[in-house]
S.K.: 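To start, I am sharing the structure in question, which I have written as structure tokens.
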Amino acid sequence: IHNYSGKFIREAVDGDLDVLEARTLLRDSLQENLLNVFSDEGVMVAYPGRDNLTLVEKFERLKAVFEGYRVKVVITLRDPIDYLYSMYVQLYPDFFSRIPELNSVEKYVRKLQVDPDNTLFESFFYDRWVPKLRSNFDVTFIRYESLSNSDGKVFSTWANLLGISSNEFREFFSTSRVN
């Protein structure tokens with residue numbers, strides 16, 4: 001397990017790194033004849049107080065980084081209200097707490113209600129970005145709740161995507177909590 005050796009991918013997707021430089025880093029970091037996995041929920045997040053690209057722009061940059069590679073994208077969809085709250089709590093210490101107009105979940109939700117088209121909220125509206133993602137990549141969607149409930153069908157889906165048996169996936173999933 002390489003812990004986040006693909007950080008440059010998110011930097012390229014967010015516009016903080018040139019796509020051509022990211023492609024060079026990608027080529028040098030991939031393990032030939034192995035399945036290479038990049039996992040980063042932050043690609044979908046717009047960070048308060050920062051200039052954020054739209055998801056469409058991020059998907060285009062992601063597509064450019066991986067041009068010529070065989071890529072499968074797995075998206076874990078969560079109930080949008082649970083997702084909103086979880087993301088808010090996770091980002092609160094470094095982002096929301098520093099912005100007076102967003103320093104409570106109530107203020108954040110009020111802003112969502114007033115300005116739902118703001119890039120900050122884009123990832124909550126699945127119907128807006130799923131078609132664009134699908135037009136760029138082979139996408140598999142998994143419900144977060146079925147993963148958190150240890151649904152055998154979801155384990156089989158993951159096992160197939162990773163090229164391992166369902167029992168191996170179940171064992172990996174239940175032992176170590178490595179992001």
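Residue numbers run from 1 in the order of the sequence given. Just so you know, these numbers use all the heavy atoms, side chains as well, and skip hydrogens, waters and symmetry mates.
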S.K.: Is the distance between the ring centroids of Phe121 and Tyr108 under 6.0 Å?
M.R.: yes
S.K.: Are the side chain of Ser146 and the backbone of Ile142 linked by a donor-acceptor contact shorter than 3.5 Å?
M.R.: no
S.K.: Does the side chain of Glu122 come under 3.5 Å of the side chain of Thr119 through a donor N or O and an acceptor N or O?
M.R.: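 Checked: Glu122/Thr119 side chains show no N/O donor-acceptor pair below 3.5 Å.
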S.K.: Is atom CG of Asp51 surrounded by more than 12 heavy atoms (other residues, nucleotides or ligands) closer than 6.0 Å?
M.R.: no
S.K.: Report whether Phe155 and Leu35 are members of the same hydrophobic cluster (ILVMFWY, side-chain heavy atoms less than 4.5 Å apart, transitive linking).
M.R.: yes
S.K.: Does one hydrophobic cluster hold both Val130 and Ile75, with members joined at side-chain heavy-atom distances below 4.5 Å?
M.R.: yes
S.K.: How long is the span from the NZ atom in Lys63 to the OG atom in Ser135, to the nearest 0.5 Å?
M.R.: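 Here the interatomic distance stands at 6.5 Å.
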S.K.: Identify the two heavy atoms, one from Val19 and one from Ala64, that lie closest to each other, and give their separation to 0.1 Å.
M.R.: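 Shortest heavy-atom separation between Val19 and Ala64 comes out as CG1-CB, 3.7 Å.
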S.K.: Side chains of Leu55 and Leu133: closer than 4.5 Å at any heavy-atom pair?
M.R.: no
S.K.: Run the ring-centre check on Tyr92 versus Tyr88 and record whether the distance is less than 6.0 Å.
M.R.: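 Under 6.0 Å, so yes.
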S.K.: I'd like to know whether Thr76 forms a side-chain hydrogen bond (donor to acceptor under 3.5 Å, both in side chains) with Arg143, so could you lay out the CA-CA distance, the side-chain angles of the two residues, the decisive distance to 0.1 Å, and finally the verdict.
M.R.: CA-CA 6 Å; Thr76 305; Arg143 294 198 52 198; over 6 Å; no
S.K.: Let me see the working for Glu60 and Lys132 under side chain to side chain contact (heavy atoms under 4.5 Å, CB included), right down to the final yes or no.
M.R.: CA-CA 9 Å; Glu60 290 298 326; Lys132 184 59 178 175; 2.9 Å; yes
S.K.: side-chain hydrogen bond (donor to acceptor under 3.5 Å, both in side chains), that's the test. Do Glu21 and Thr24 meet it? Break it down for me.
M.R.: CA-CA 5 Å; Glu21 187 175 342; Thr24 300; over 6 Å; no
S.K.: What's the separation between atom CG in Leu120 and atom CG in Leu112, rounded to the nearest 0.5 Å?
M.R.: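 If we round to the nearest 0.5 Å, Leu120:CG and Leu112:CG are 9.5 Å apart.
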S.K.: Under 4.5 Å between side-chain heavy atoms, hopping through other hydrophobics if needed: is there a path connecting Trp129 to Val71?
M.R.: yes
S.K.: So Asp40 and Val43, do their side chains get closer than 4.5 Å, heavy atoms only?
M.R.: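 SC-SC contact between Val43 and Asp40 confirmed.
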S.K.: Are Tyr144 and Leu77 connected into the same hydrophobic cluster when the rule is that any two of I, L, V, M, F, W, Y join if their side-chain heavy atoms are below 4.5 Å apart?
M.R.: no
S.K.: Could you pull out the closest heavy-atom pair between Val74 and Leu161, with the gap in Å?
M.R.: CG2-CD1, 3.4 Å
S.K.: For a quick test of reading the model, state the closest non-hydrogen atom pair linking Ala22 to Phe8 and the distance between them.
M.R.: O-CE1, 3.3 Å
S.K.: Looking at Glu67 and Arg23, is there a salt bridge between them, counting it only when a charged N and a carboxylate O are closer than 4.0 Å?
M.R.: no
S.K.: Minimum heavy-atom separation for Val13 and Lys58, please, with both atom names.
M.R.: CG1-CB, 3.5 Å
S.K.: Can you list the residues that meet the side-chain hydrogen bond (donor to acceptor under 3.5 Å, both in side chains) rule with Asp79, with sequence neighbours excluded?
M.R.: none
S.K.: If you group Ile, Leu, Val, Met, Phe, Trp and Tyr by side-chain heavy-atom gaps below 4.5 Å, do Leu162 and Val154 land in one group?
M.R.: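 Same hydrophobic cluster.
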S.K.: Please determine whether a side-chain nitrogen of the Lys or Arg among Glu106 and Arg110 lies less than 4.0 Å from a carboxylate oxygen of the Asp or Glu.
M.R.: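 A salt bridge is absent here (no side-chain N lies under 4.0 Å from a carboxylate O).
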S.K.: Checking Glu168 side chain against Ser165 main chain: does a donor-acceptor pair fall under 3.5 Å?
M.R.: yes
S.K.: Would you mind reporting whether Phe125 and Pro80 have side-chain heavy atoms less than 4.5 Å apart?
M.R.: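 Side chain of Pro80 against side chain of Phe125, heavy atoms only: no contact under 4.5 Å found.
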S.K.: Val45 vs Leu91, test: side chain to side chain contact (heavy atoms under 4.5 Å, CB included). Steps then yes/no.
M.R.: CA-CA 10 Å; Val45 175; Leu91 297 179; 3.6 Å; yes
S.K.: Within this structure, what is the CG-CG distance for the pair Asn36 and Leu26, rounded to the nearest 0.5 Å?
M.R.: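 That separation rounds to 8.0 Å.
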S.K.: Output, in order, the C-alpha distance, side-chain angles, deciding distance and verdict of side chain to side chain contact (heavy atoms under 4.5 Å, CB included) for Glu145 and Asp82.
M.R.: CA-CA 10 Å; Glu145 292 79 10; Asp82 292 340; 4.2 Å; yes
S.K.: Hey, what do you get for OG (Ser123) to CZ (Arg128), rounding to the nearest 0.5 Å?
M.R.: 11.0 Å
S.K.: So, for Thr54 and Glu57, which heavy atoms are closest and what is the spacing to 0.1 Å?
M.R.: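 In this case the closest contact between Thr54 and Glu57 is N-OE1, 2.7 Å.
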S.K.: Could you tell me whether the side chain of Thr140 reaches within less than 4.5 Å of the side chain of Lys72, counting heavy atoms only?
M.R.: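 Lys72 vs Thr140: side chains apart.
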S.K.: Is any side-chain heavy atom of Asn118 closer than 4.5 Å to a side-chain heavy atom of Lys111?
M.R.: yes
S.K.: Do Leu25 and Leu17 make a side-chain contact, defined as non-hydrogen atoms from C-beta onward lying under 4.5 Å apart?
M.R.: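 Side-chain contact under 4.5 Å: yes.
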S.K.: Please check this pair: side chain of Arg61 against backbone of Ala12, looking for a donor-acceptor N/O pair closer than 3.5 Å.
M.R.: yes
S.K.: Would you check if Tyr47 and Asn52 make a side-chain contact, meaning some heavy-atom pair closer than 4.5 Å?
M.R.: yes
S.K.: When rounded to the nearest 0.5 angstrom, what is the spacing between CD1 in Ile9 and CG in Leu62?
M.R.: 7.5 Å
S.K.: Indicate yes or no: at least one non-hydrogen side-chain atom of Phe141 is less than 4.5 angstrom from one of Arg134.
M.R.: yes
S.K.: When rounded to the nearest 0.5 angstrom, what distance separates CZ in Phe96 from OG in Ser104?
M.R.: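 Between atom CZ of Phe96 and atom OG of Ser104 there are 10.5 Å.
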